[in-house]
Amino acid sequence: MSRCFWQRLYVGQCPDKVVMQLANSTAHHNGMNKYFLILLFTLGTFMAQAQTGWTVSYQKKALLKNAAEDKTKNVVNIKTSTLKSTALLQLQPVDADTAYTITVEAEAVNEEFTGLKSWEYKGKAVSISGAELKTLFTGRKTLAFYYTAIPKDPNLAAVVRVRKVHICTVSLK
């Protein structure tokens, strides 16, 4: 089509009513597409902020630093003889966002529906004593630790889909 036709269409001087209606409906859909893309970008930003790295330490020795979600790399081995009451497994998020409620959960590996225990992050590292680890390991050789981050704002929490993010897997040797 000619350049003159498109210029008239843009200004709204097109003599053909059908072409004008088509142009207007396309412009409306393009506006909706922009809003949809902005919404997707915003939700993606929220999800990216919710995912954070973690520092995992045992007996004051850092075993994993800034660990991102990776089930194959984030494996920590602990000797059974070191599970005493004074030992501490500490899970500390790196750059935790205060707008989220962060919950750490321990689950048994290769068992279904085994939320063994959960802890809420309150500004300090989540500390799990050796005695508590010993009871969690009863009859098991591996535990997986996950976290969930839920916005504290109830309106945002109702919209966000929550998923468990793997922190680390702890194995007894």
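Values below: every heavy atom of this structure, side chains too, minus hydrogens, waters and symmetry copies.
Listed here is the closest heavy atom pair of K84 and Q59: CE-NE2, 3.9 Å. Residues L116 and A108 approach most closely at CD1-N, 3.8 Å, considering heavy atoms. Of all heavy-atom pairs between L136 and R140, the closest is O-NH1, 3.0 Å.
Shown here are the side-chain hydrogen bond (donor to acceptor under 3.5 Å, both in side chains) partners of T80, two or more places apart in sequence or in another chain: there are none.
Note that CG of D70 is 12.0 Å distant from SG of C168, once rounded to the nearest 0.5 Å. To the nearest 0.5 Å, atom CG of residue L172 and atom NZ of residue K134 are 10.5 Å apart. Put simply, NZ on K173 and NZ on K141 are 9.0 Å apart, with the number rounded to the nearest 0.5 Å. The line from OG1 of T148 to CD of E120 is 9.5 Å long, rounded to the nearest 0.5 Å. Note that the CG atom of D97 and the CD1 atom of I102 stand 7.5 Å from one another [nearest 0.5 Å]. Remark: L83 CG to Y58 OH distance equals 4.5 Å, nearest 0.5 Å.
Here the side chain of N74 pairs a donor or acceptor atom with the backbone of I167 at under 3.5 angstrom. Proximity of a side-chain donor or acceptor of S57 to a complementary backbone N or O of K60 within less than 3.5 Å is not detected. Of the possible polar contacts, none joining the T82 side chain to the I78 backbone as a donor-acceptor pair under 3.5 Å is found.
Looking at heavy atoms from C-beta onward, L91 lies out of side-chain contact with Y147 at the 4.5 angstrom threshold. Using a 4.5 Å heavy-atom cutoff, the side chains of T55 and L64 are not in contact. Within the 4.5 Å cutoff, no side-chain heavy atoms of S171 are placed close to those of V76.
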CA sep, side-chain torsions, deciding dist, call: L89, V170, side chain to side chain contact (heavy atoms under 4.5 Å, CB included): CA-CA 10 Å; L89 176 70; V170 179; 4.3 Å; yes
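Under a 4.0 Å N-O distance rule, the pair E105/K164 qualifies as a salt bridge.
The cluster map of Ile, Leu, Val, Met, Phe, Trp and Tyr, joined by side-chain heavy atoms under 4.5 Å apart, puts V56 and W119 in the same cluster. Cluster annotation: Y121 and I128 are assigned to the same hydrophobic cluster (Ile/Leu/Val/Met/Phe/Trp/Tyr, side-chain heavy-atom contacts under 4.5 Å, transitive).
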Do any side-chain atoms of residues 150-157 form donor-acceptor pairs under 3.5 angstrom with protein atoms, and if so which ones, sequence neighbours left out?
| unit_1 | atom_1 | unit_2 | atom_2 | d |
| --- | --- | --- | --- | --- |
| K152 | NZ | T98 | O | 3.2 |
| D153 | OD1 | N155 | N | 3.3 |

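Side-chain atoms of T103 and Y146 form no donor-acceptor pair, as typed in the model, at a separation below 3.5 Å.
Checked against the 6.0 Å centroid threshold, W54 and F145 do not count as a close aromatic pair.
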